[in-house]
Amino acid sequence: YYPEKNKPLKILDMCTGSGCIAISLAKEYQKAEITATDISLKALKIAKLNAFNQQCNKQINFLHCDLIKKNNIYDIVVSNPPYLSKDRYSKISSEIQLFEPKIALIASNDGFEFYEKIISILNNLINNNSMVFLEIDFDQSNKIRDILKFNQLKCIKVAKDIQNLDRVLIVKKS
């Protein structure tokens, strides 16, 4: 799914962190109106600075909130939420543990907390033509597909990473 570059899209990036996804989308889709949310004020401060440095800060509306509170309809929804269980976090590289805040990595309910929250509100944020992109850990695909199905959503494609592991679920309304 690649929308027209000159189309005025509405894009939502939940759990934006440093803003790299929202900024990349702003650079690629210059007519898009982008909303980027995060619960961390520190992360949003960094994201705003990054957007300013990439000269796309006027295109992105940064909101401090837990996911999103408004029921707007978006053409594209993206999220790279925290998805590691505490056990999995204890096994990742020390470099990641040293430089990435825990709040950006660890999720309760064995790493599925944010998928359950995000997926439960998606039907209020998308229509039949909208696309959703959810970054996942390599072994979470089946459980997240079950959560999607329960919420009348379906995974239409799984994108693999460079190691050929499941990394992004592409989702639409059922």
If you compare all heavy atoms of [X] against all heavy atoms of [Y], which two are closest, and at what distance to 0.1 Å?
| X | Y | answer |
| --- | --- | --- |
| Pro8 | Asp75 | O-OD2, 4.3 Å |
| Lys173 | Lys154 | O-CE, 4.2 Å |
| Ser79 | Met14 | OG-O, 2.9 Å |
| Ile68 | Leu63 | CD1-CD1, 4.0 Å |
| Ile34 | Leu25 | CD1-C, 4.0 Å |
| Ile103 | Pro82 | O-CG, 3.3 Å |

Are [X] and [Y] connected in the hydrophobic side-chain network, where two residues link if heavy atoms are under 4.5 Å apart?
| X | Y | value |
| --- | --- | --- |
| Leu67 | Tyr74 | yes |
| Leu49 | Ile23 | no |
| Ile147 | Val77 | yes |
| Ile121 | Leu134 | yes |
| Ile136 | Phe133 | no |

Counting distance only, does the side-chain N/O of [X] pair as donor-acceptor with the main-chain N or O of [Y] below 3.5 Å?
| X | Y | result |
| --- | --- | --- |
| Asn123 | Asn151 | yes |
| Lys172 | Asn128 | yes |
| Glu135 | Pro81 | no |
| Asp161 | Arg167 | no |
| Thr16 | Asp13 | no |
| Gln140 | Tyr83 | yes |
| Asp166 | Lys160 | no |

Spatial distance of atom [atom1] ([X]) from atom [atom2] ([Y]) [nearest 0.5 Å]:
| X | Y | atom1 | atom2 | result |
| --- | --- | --- | --- | --- |
| Phe150 | Ile119 | CZ | CD1 | 11.5 Å |
| Asn50 | Gln54 | CG | CD | 7.5 Å |
| Asp66 | Ser40 | CG | OG | 12.0 Å |
| Tyr115 | Arg145 | OH | CZ | 13.5 Å |
| Lys48 | Asn53 | NZ | CG | 14.5 Å |
| Lys31 | Asn6 | NZ | CG | 5.0 Å |

Answer whether the closest heavy-atom distance between the side chains of [X] and [Y] falls below 4.5 Å.
| X | Y | value |
| --- | --- | --- |
| Tyr29 | Pro3 | yes |
| Lys157 | Val171 | no |
| Leu122 | Leu153 | yes |
| Ile73 | Lys10 | no |
| Leu125 | Asn72 | no |
| Ser85 | Ile106 | no |
| Leu169 | Ile144 | yes |

Within residues 99-108 or reaching into it, pairs that qualify as side-chain hydrogen bond (donor to acceptor under 3.5 Å, both in side chains) - sequence neighbours excluded: Ser108-Glu113
Cation over ring face, Lys117 and Phe114, 6.0 Å, 45°: yes
Exceeds 12 heavy-atom contacts within 6.0 angstrom, atom CD of Gln55: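 At most 12 heavy atoms, drawn from other residues, nucleotides or ligands, come within 6.0 Å of this atom.
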Only one of Val78, Ile126, Thr37, Val132 clears side-chain contact (heavy atoms from CB on, under 4.5 Å) with Leu12; which?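 Single pass found, and it is Thr37.
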Apply the test side-chain contact (heavy atoms from CB on, under 4.5 Å) to residues Glu33 and Gln59: give CA-CA distance (whole Å), side-chain angles for both, the deciding distance (0.1 Å), then the verdict. CA-CA 6 Å; Glu33 174 189 320; Gln59 192 179 350; over 6 Å; no
Under the side-chain contact (heavy atoms from CB on, under 4.5 Å) criterion, do Val158 and Ile170 qualify, and how do the steps go? CA-CA 6 Å; Val158 179; Ile170 303 171; over 6 Å; no
Going by the rule side chain to side chain contact (heavy atoms under 4.5 Å, CB included), which residues pair with Glu4 if we only count those two or more places apart in sequence or in a different chain?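 Side chain to side chain contact (heavy atoms under 4.5 Å, CB included) check on Glu4 returns Lys7.
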Would you kindly say whether Asn109 and Glu116 are connected by a side-chain donor-acceptor distance under 3.5 Å?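 On atom types as modelled, these side chains qualify, holding a pair under 3.5 Å.
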Is there a side-chain contact (heavy atoms from CB on, under 4.5 Å) between Asp38 and His64? Walk through the geometry before answering. CA-CA 5 Å; Asp38 206 286; His64 177 240; over 6 Å; no
Apart from Phe138 itself, what residues make up its hydrophobic cluster when side-chain heavy atoms of I, L, V, M, F, W and Y under 4.5 Å apart count as a link, directly or indirectly? Leu165
